[in-house]
Amino acid sequence: MDNHAIARVLGEIADLLEIKGENPFKIRAYRAAADTVADSGQAVAALDEAGLRALPGIGKDLAARILELTSTGLVLYHQELLAQFPVTMLDLLRLQGVGPKTAALLYRSLQVASLDELEQAARSGRLRSLKGMGPRKEALILKALEERRQHAGRHLLPDTHDLAAALLAHLREASPGTEFIPVGSLRRGVDTCGDLDVLAIGGEPSLIETFTRYRLVERVLGRGDTKGSVLIRGGYQADLRLVPPDSRGAAMQYFTGSKAHNIALRDRAIARGLKLNEYGLFDLATGLPVAGDTEEGIYQALGLAFVPPELREHRGEIEAAERGTLPRLIERADIRGDLHCHTDATDGRDGIEAMAAAARDAGHEYLAITDHSQALAMSGGLDEARALEHARRVRAIDARMDGIRLLAGIECDIRADGTPDLAADCLAQLDLVIASVHSAFHQDEAQMTARVLRAMDCPWVDVLGHPSGRLLLKRQAVALDMARVIAAAAEHGMALEINSQVDRLDLNDMHARLARVRGVPLVIDTDSHSTGGFGMMRWGVTVARRAWLEAGDVLNTRPLEGLRAGLRRNRNT
DNA sequence: GCCGTTTTCGGCCCGACTGTTTTCAGTCG
């Protein structure tokens with residue numbers, strides 16, 4: 001059982017306890033344990049009781065629950081809770097604006113226990129009969145349901161990656177000699193994936209049976225000699241295709257897509273008297289194969305440089321491949337530091353030194369500590385005095401730590417009127433200031449754009465953090481004129497962030513690409529809230545690659561002094 | 001349910017915002 005599976009059960013227990021109205025601190029304990037397990041670098045299922053209890057926030061009871069789960073596959077306590085509330089109720093909690101109290105009320109008063117039932121209740125006007133509910137709340141819930149429907153069947157890229165890793169482990173165990181390759185939107189690094197496509201190169205037909213017997217398969221949609229298709233728990237469709245070795249490259253190319261990229265490639269093939277399909281590239285006249293065992297061979301035969309999967313969106317990559325002007329895409333190894341993280345001074349879980357050590361272990365040369373400012377009161381946000389005291393502490397630790405340098409920064413809240421949440425003379429004394437929107441998300445575009453532009457006017461703001469504010473599959477981006485924001489960033493010499501949090505990935509690929517074109521420097525940050533968070537950098541790098549970014553476009557690929565010189569505060573003075 | 005040079009009980013983060021309300025409950029981050 002992998003860490004994510006364990007964390008999911010602990011998280012569900014927390015959700016169910018919340019609906020039940022249990023002791024909030026108990027709920028927090030389960031939720032914290034879920035985070036700890038998910039973030040842990042080691043396989044939690046392999047730990048014994050002492051090992052489990054050594055993890056922060058895991059004591060006697062939680063260790064016992066985890067052991068029960070990994071040894072039997074179930075937790076009795078979890079099952080008992082599920083007997084009280086249908087599992088579909090947990091979907092209600094994922095709706096924007098619906099929390100545990102509302103979910104419990106809906107269930108007790110109206111027997112609403114699923115999204116479908118909620119929609120019926122809302123449409124028939126029954127919701128407004130409940131205490132604390134009115135027409136506006138009803139409309140908000142209908143809107144949240146609509147947004148939810150748009151996202152149905154899609155999953156976060158890292159979740160898809162984890163699912164693929166577990167499925168591949170299952171397949172490899174059954175057939176160690178076969179090469180398995182995940183393709184589709186996962187290979188292109190799209191921020192959300194609809195389904196999971198896997199190729200088995202030269203695999204035996206019996207693999208299809210192995211595939212359909214995977215333990216998380218809920219339903220077999222189809223099974224033939226060369227293709228199997230299943231529904232996996234959590235609403236994923238997964239397809240496995242058996243591919244002969246001669247067609248390895250062609251199948252990779254074909255099933256990686258995107259559809260638009262493939263259509264353009266096939267057009268190009270036809271124009272050259274060739275035919276491209278999932279089996280190979282063939283001479284139209286003779287029917288003889290021209291290429292097919294490698295992707296490189298196919299692109300080459302079409303007169304193109306190899307196009308990295310992340311660029312295959314038909315956004316100019318074929319023309320660039322023809323001219324030989326494809327970017328040399330940034331890689332994870334180019335990143336030298338992380339400029340956004342939180343500590344236990346605000347809503348992070350670990351202290352400055354622990355975060356610094358973890359960043360060093362992740363291969364970083366420097367780390368900016370950027371805790372929240374006072375407006376985020378629930379996170380214990382820092383006021384001016386505490387921010388400066390915190391900075392002193394960061395600098396003191398920096399002076400005595402080996403192997404990593406620390407920058408004393410802040411993630412300064414952008415208030416609803418666009419003013420930064422901390423006084424300018426405080427911001428001026430820090431090494432780095434990220435400014436971010438965390439509230440009043442519903443402002444209209446004119447208001448929101450004016451607000452962000454006003455914050456960018458402050459000369460001590462170096463980086464705009466998670467600019468769109470989106471939460472993937474959950475919350476739309478704020479209404480913001482990104483072209484004007486990018487233009488302002490170019491004018492001020494400030495940087496825009498690509499936030500690597502798995503549900504943010506913000507900026508997105510298109511906006512990051514526009515920023516690059518306009519000459520705006522980017523930074524790729526993890527926004528880590530614990531020592532386990534630094535591994536998320538790879539997802540931000542994936543966005544950057546999809547945005548055509550090269551190492552030179554990203555400030556935190558530079559050595560520390562180069563980075564400092566590239567910050568707005570040091571450019572302007 | 002966890003934790004402990006405030007240690008085996010009693011703490012454990014809390015303000016803004018929204019929609020429903022005449023003083024507050026629920027959600028969000």
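Naming: A, B, ... by sequence-line order, numbering from 1 per chain.
Listed by chain and residue number, A:Glu310 satisfy the salt bridge (charged side-chain N to carboxylate O under 4.0 Å, His left out) test with A:Arg545 (two or more places apart in sequence, or in another chain). Under the side-chain hydrogen bond (donor to acceptor under 3.5 Å, both in side chains) criterion, A:Asp525 pairs with no residue at all, not counting sequence neighbours. Not a single side-chain hydrogen bond (donor to acceptor under 3.5 Å, both in side chains) links A:Gln96 to another residue, sequence neighbours left out. Applying the side chain to side chain contact (heavy atoms under 4.5 Å, CB included) test to A:His155 and every residue at least two apart in sequence or in another chain returns A:Thr160, A:Tyr236. Remark: A:Arg136 pairs with no residue by the side-chain hydrogen bond (donor to acceptor under 3.5 Å, both in side chains) rule, at least two apart or across chains. In terms of the ring-ring contact (aromatic ring centres under 6.0 Å, His included) criterion, A:Tyr77 has no residue partners (sequence neighbours excluded). For A:Glu138, the side-chain hydrogen bond (donor to acceptor under 3.5 Å, both in side chains) partners are A:Arg128, not counting sequence neighbours.
Rounded to whole Å, the C1' atom of B:dT23 lies 15 Å from the corresponding atom of B:dT18. For the C1' atoms, the distance from B:dC14 to B:dC9 is 24 Å, rounded to whole Å. Straight-line distance between the C1' atoms of B:dT22 and B:dC13: roughly 29 Å, to the nearest whole Å. On the P atoms, B:dT20 is 15 Å away from B:dC28, given to the nearest whole Å. The gap from the C1' atom of B:dT8 to that of B:dC3 amounts to 10 Å, rounded to the nearest Å. A gap of 10 Å separates the C1' atoms of B:dG11 and B:dT6, to the nearest Å. B:dG26 and B:dT21: their P atoms are spaced 13 Å apart (whole Å).
In summary, A:Arg470 and A:Asp191 engage in a salt bridge, as defined by a charged side-chain N under 4.0 Å from a carboxylate O. Checked for salt-bridge contact, A:Arg392 and A:Glu389 meet the test: a charged N lies under 4.0 Å from a carboxylate O. A salt bridge links A:Asp421 to A:Arg415: one of the charged nitrogens lies within less than 4.0 Å of a carboxylate oxygen. A salt bridge between A:Asp398 and A:Arg405 is present, with a side-chain N of the basic residue lying under 4.0 Å from a carboxylate O of the acidic one.
Residue A:Lys131 is classed as having no contact, given no heavy-atom separation below 4.0 Å to the nucleic acid. Within the nucleic acid shown, A:Arg53 has no heavy atom closer than 4.0 Å to any nucleic acid atom. Across all strands shown, A:Leu105 has no heavy atoms under 4.0 Å from either base or sugar-phosphate atoms.
Distance CZ (A:Phe441) to P (B:dA16): 15 Å, rounded to an integer number of Å. At whole-Å resolution of the value, CG in A:Leu55 and P in B:dC2 are 12 Å apart. Taking atom CG of residue A:Leu17 and atom C1' of nucleotide B:dG1, one finds them 10 Å apart after rounding to whole Å. Rounded to an integer number of Å, the gap from A:Arg128 CZ to B:dT21 C1' is 17 Å. Across the protein-nucleic acid pair, A:Leu93 atom CG and B:dC28 atom C1' stand 14 Å apart, rounded to whole Å. Straight-line distance from the CG atom of A:Leu10 to the P atom of B:dC2: 11 Å, rounded to whole Å. Between the CG atom of A:Asp413 and the C1' atom of B:dG15 there is a distance of 12 Å, given to the nearest Å. The interatomic distance linking A:Asp421 (CG) with B:dA16 (P) rounds to 11 Å, in whole Å.
In this structure, OG1 on A:Thr449 lies 4.5 Å from CG on A:Leu480, to the nearest 0.5 angstrom. Rounding to the nearest 0.5 angstrom, the gap separating the CD atom in A:Glu497 from the CG atom in A:Leu339 is 8.5 Å.
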Just the dot-bracket of DNA chain B, please: which string comes out with Watson-Crick or G-U pairs under 3.5 Å, [ ] for crossing, | for another strand? ((((....))))..(((((....))))).

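A heavy atom closer than 4.0 Å to some atom of DNA chain B occurs in no member of residues 66-88 of chain A. A heavy-atom distance below 4.0 Å to DNA chain B is reached by these residues of residues 23-35 of chain A, ordered by number: A:Asn23, A:Phe25, A:Lys26, A:Arg28, A:Ala29, A:Tyr30.
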Pairwise N/O distances under 3.5 Å, protein to nucleotides 23-27 of chain B:
from: B:dG26; atom 1: O3'; to: A:Thr102; atom 2: OG1; distance (Å): 3.1
from: B:dT27; atom 1: OP1; to: A:Gly99; atom 2: N; distance (Å): 2.6
from: B:dT27; atom 1: OP1; to: A:Gly99; atom 2: O; distance (Å): 2.9
from: B:dT27; atom 1: OP1; to: A:Thr102; atom 2: N; distance (Å): 2.9
from: B:dT27; atom 1: OP1; to: A:Thr102; atom 2: OG1; distance (Å): 2.5
from: B:dT27; atom 1: OP2; to: A:Lys101; atom 2: N; distance (Å): 3.2
from: B:dT27; atom 1: O5'; to: A:Gly99; atom 2: N; distance (Å): 3.4

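Mapping A:Leu130 and A:Ala440 onto DNA chain B by nearest heavy atom places A:Ala440 at the nucleotide closer to the 5' end.
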Identify each donor-acceptor pair in which a side-chain atom of residues 28-35 of chain A lies under 3.5 Å from a protein atom, sequence neighbours left out, and give them as a table.
from: A:Tyr30; atom 1: OH; to: A:Arg65; atom 2: NE; distance (Å): 2.9
from: A:Arg31; atom 1: NH1; to: A:Glu18; atom 2: OE1; distance (Å): 3.1
from: A:Arg31; atom 1: NH2; to: A:Asp15; atom 2: OD1; distance (Å): 2.4
from: A:Arg31; atom 1: NH2; to: A:Glu18; atom 2: OE1; distance (Å): 3.4

Applying ring pair (Phe, Tyr, Trp, His ring centres under 6.0 Å) to A:His466 and A:His438, what does each step give before you reach the verdict? CA-CA 10 Å; A:His466 47 73; A:His438 291 112; 5.1 Å; yes

